[in-house]
There are 2 protein chains.
Amino acid sequence: MRMQTEALQIRPRRYILSERPDTSACQMCEVRGRGLCSTLSDTELDALALISERVKLSSAQIFIEEDAPARYFYNVTSGMVKLYRSLPDGRRQITGFAGPGHFLGLAAVKTYGFGAETIEASRVCRFSRADFARITQQYPNLERRLLAEASHELVIANDQMLLLGRKTARERVASFLLGRLEEDFGRVIPEMPQLHLPMIRNDIADFLGLTVETVSRTLSWMRKENMILSGRDHSITIMAPDRLEALAQLTL
Amino acid sequence: MRMQTEALQIRPRRYILSERPDTSACQMCEVRGRGLCSTLSDTELDALALISERVKLSSAQIFIEEDAPARYFYNVTSGMVKLYRSLPDGRRQITGFAGPGHFLGLAAVKTYGFGAETIEASRVCRFSRADFARITQQYPNLERRLLAEASHELVIANDQMLLLGRKTARERVASFLLGRLEEDFGRVIPEMPQLHLPMIRNDIADFLGLTVETVSRTLSWMRKENMILSGRDHSITIMAPDRLEALAQLTL
DNA sequence: CGAGCTCTTGATTCTCGTCAAGAAGGGTGG
DNA sequence: CCACCCTTCTTGACGAGAATCAAGAGCTCG
């Protein structure tokens with residue numbers, strides 16, 4: 001296992017990989033109960049285990065390059081990843097954040113329609129698409145699940161387009177916080193939930209189609225209005241989820 | 001065949017339907033060679049024909065309502081449809097335009113994640129999802145094609161998010177025109193191609209996250225710069241595709 | 001402990017939205 | 001077939017919200 005430090009600009013190092021193809025390792029995977037894997041049978045999982053490869057990634061590693069040939073699918077097992085699309089001049093739109101259980105690679109035809117970079121140390125599970133195709137032949141249910149996953153992502157993408165095209169800065173930030181809440185807690189949200197946001201302001205800005213300054217100002221304003229409370233290490237306590245919801249103009 | 005004129009606000013009438021479940025009607029369908037259907041075998045098409053229903057729609061008819069239970073898939077066979085997502089206060093984001101061959105309904109889980117309204121008289125082919133599910137069991141290839149379709153839509157959605165979050169008004173309009181070009185001509189674009197745009201300015205604005213005025217001003221500016229030439233009945237001649245491309249900041 | 005990211009806040013600018021009005025175009029009914 | 005009306009499109013004047021530019025404080029990590 002070597003470090004391949006191919007620097008590109010200042011930004012992040014390219015990725016390197018590690019370790020073990022193993023039978024039935026999926027059974028004891030930390031995301032066995034989440035996302036795609038939670039919907040698969042034991043036999044299906046065993047088949048997947050045989051073609052999967054676990055990969056350890058440090059922070060700020062690009063492991064999917066935009067428009068590169070799409071050779072792999074990934075499943076995030078720990079940490080968090082940002083997905084993005086960018087312009088030649090460097091402007092960038094983050095299209096989503098992917099945490100444990102999130103499946104990556106559906107937004108690809110021959111090549112990836114997005115790039116992926118870790119925002120903290122993470123682990124992912126990697127499958128070659130060729131291997132994957134062979135398995136889906138055998139287990140049609142797997143393909144059905146992928147389609148369901150893709151459908152879900154399309155719905156989310158539609159909502160994000162609405163946000164980017166039509167919401168104000170405040171509405172965007174409110175929507176973002178509520179989105180994170182749902183990600184962390186599901187539908188049942190506690191009284192004063194605490195959020196841990198691994199991404200930096202700049203990433204939030206790139207996700208919401210804003211600038212860092214605007215995100216910062218908006219969060220400051222929410223703080224002043226007692227809607228949120230910032231703690232240390234990027235944690236935020238949501239003091240008034242209802243007021244945020246009113247702000248966010250949620251569709252659902 | 002009746003007209004069901006259930007007015008909602010001023011805007012569009014609800015939809016009504018017509019006619020004929022028929023065996024092997026797909027074989028002679030006008031979109032046999034386009035989109036999903038072009039990738040299916042004759043036997044697969046025959047199976048589809050049995051569960052399909054052709055529907056005639058006049059202009060400005062909403063035939064998919066946002067968040068309604070997703071009971072049907074559709075395939076546009078003629079005309080053009082706009083897909084959108086909107087906020088309670090009426091702000092609206094058009095997420096795409098669908099012409100002949102376009103498959104509708106993938107962006108849905110239990111309910112549709114979008115609404116659909118015709119922008120001109122159109123015809124669509126309708127399948128119940130339940131029927132469809134039965135057929136995909138029998139023909140796994142069909143499901144594979146749907147997944148490919150969904151993947152493609154996800155890539156497009158990513159690009160649209162980049163446009164909405166990060167491009168300027170001029171870049172957006174240029175990207176839109178080029179997108180339409182590709183839609184109409186494929187990859188090989190003539191010297192001075194002529195575009196027919198069935199959608200009105202307001203729809204373009206809602207698609208690009210702008211206002212009508214900005215779209216109008218931007219097109220006027222392009223006209224002044226001799227990049228385009230407006231004809232009658234919503235046709236536009238692209239005088240300088242290369243200059244538009246430079247403006248659009250295309251990723252691919 | 002210090003260099004370089006982050007984050008915040010202020011001042012200023014500018015792009016695009018809003019408001020307004022008139023022209024052009026299309027559809028409908030007489 | 002024409003007249004009328006309503007929608008669409010364009011253009012101008014103005015304003016607002018977010019971007020840009022700038023500076024300093026706070027963190028992190030080597």
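The sequence lines fix the lettering, A, B, ..., with proteins before strands; numbering per chain opens at 1. The basis for the numbers below is simple: all heavy atoms, side chains too, and nothing from hydrogens, waters or symmetry mates.
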In whole angstrom, give the distance that lies between atom [atom1] of [X] and atom [atom2] of [N].
| X | N | atom1 | atom2 | value |
| --- | --- | --- | --- | --- |
| A:Met199 | C:dC5 | CE | C1' | 18 Å |
| B:Ile200 | D:dT7 | CD1 | C1' | 8 Å |
| A:Trp221 | C:dT9 | CH2 | P | 15 Å |
| B:Asp89 | C:dG17 | CG | C1' | 15 Å |
| A:Glu120 | D:dC29 | CD | C1' | 17 Å |
| A:Asn202 | C:dG4 | CG | C1' | 15 Å |
| B:Arg166 | C:dT15 | CZ | C1' | 15 Å |
| A:Leu210 | C:dT8 | CG | C1' | 16 Å |

* To do: Answer yes or no: does atom CZ of A:Arg91 have more than 12 heavy-atom neighbours from other residues, nucleotides or ligands under 6.0 Å?
  =>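 Counting other residues, nucleotides and ligands, CZ of A:Arg91 exceeds 12 neighbours.
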* To do: For a side chain to side chain contact (heavy atoms under 4.5 Å, CB included) with A:Phe176, tell me which candidate from A:Leu210, A:Leu197, A:Leu181 qualifies.
  =>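 Single side chain to side chain contact (heavy atoms under 4.5 Å, CB included) partner of A:Phe176 among A:Leu210, A:Leu197, A:Leu181: A:Leu197.
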* Asked: Once the angle between the rings of A:Phe97 and A:Phe207 is folded into 0 to 90°, is it parallel (under 30°), tilted (30 to 60°) or perpendicular (over 60°)?
  ->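 Tilted.
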* Asked: Once the angle between the rings of B:Phe103 and B:Phe73 is folded into 0 to 90°, is it parallel (under 30°), tilted (30 to 60°) or perpendicular (over 60°)?
  ->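 B:Phe103 and B:Phe73: tilted rings.
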* Compute both the distance and the angle, then confirm whether B:Arg92 meets the cation-pi test with B:Tyr84: under 6.0 Å from the six-membered ring centre, within 45 degrees of the axis. =>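 Yes, B:Arg92 sits over the ring of B:Tyr84.
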Protein and nucleotides 22-27 of chain C: nitrogen or oxygen contacts under 3.5 angstrom:
none

* To do: For C:dC7, take OP1 and OP2 only and decide whether either is under 4.0 Å from a side-chain N or O of A:His234.
  =>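 A:His234 to C:dC7 OP1/OP2: side-chain N or O found under 4.0 Å.
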* Asked: Without hydrogens or angle criteria, can the side chains of B:Ser86 and B:Glu66 be said to hold a donor-acceptor pair below 3.5 Å?
  ->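 There is such a pair between these side chains.
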* Derivation of the side-chain contact (heavy atoms from CB on, under 4.5 Å) call for B:Leu83 and B:Ile94 -> CA-CA 6 Å; B:Leu83 312 174; B:Ile94 291 182; 5.7 Å; no
* **Beyond-backbone contact of A:Gln249 with B:Asp89, side-chain heavy atoms, under 4.5 angstrom** =>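 A:Gln249 reaches B:Asp89 side chain to side chain.
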* With a 4.5 Å heavy-atom cut-off, do A:Met80 and A:Met199 have their side chains touching? ->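 A:Met80 vs A:Met199: side chains touch.
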Would you list the protein and nucleotides 10-14 of chain D atom pairs, both N or O, that sit under 3.5 Å from each other?
residue: D:dT10; atom: OP1; partner: B:Arg201; partner atom: NH2; Å: 3.4
residue: D:dT10; atom: OP1; partner: B:Arg223; partner atom: NH2; Å: 3.1
residue: D:dT10; atom: OP2; partner: B:Arg201; partner atom: NE; Å: 2.7
residue: D:dT10; atom: OP2; partner: B:Ser216; partner atom: OG; Å: 2.9
residue: D:dT10; atom: O5'; partner: B:Ser216; partner atom: OG; Å: 3.2
residue: D:dT11; atom: OP2; partner: B:Ser220; partner atom: OG; Å: 2.3
residue: D:dG12; atom: N7; partner: B:Arg217; partner atom: NH1; Å: 2.8
residue: D:dG12; atom: O6; partner: B:Arg217; partner atom: NH2; Å: 3.3
residue: D:dA13; atom: N6; partner: B:Arg217; partner atom: NH2; Å: 3.4

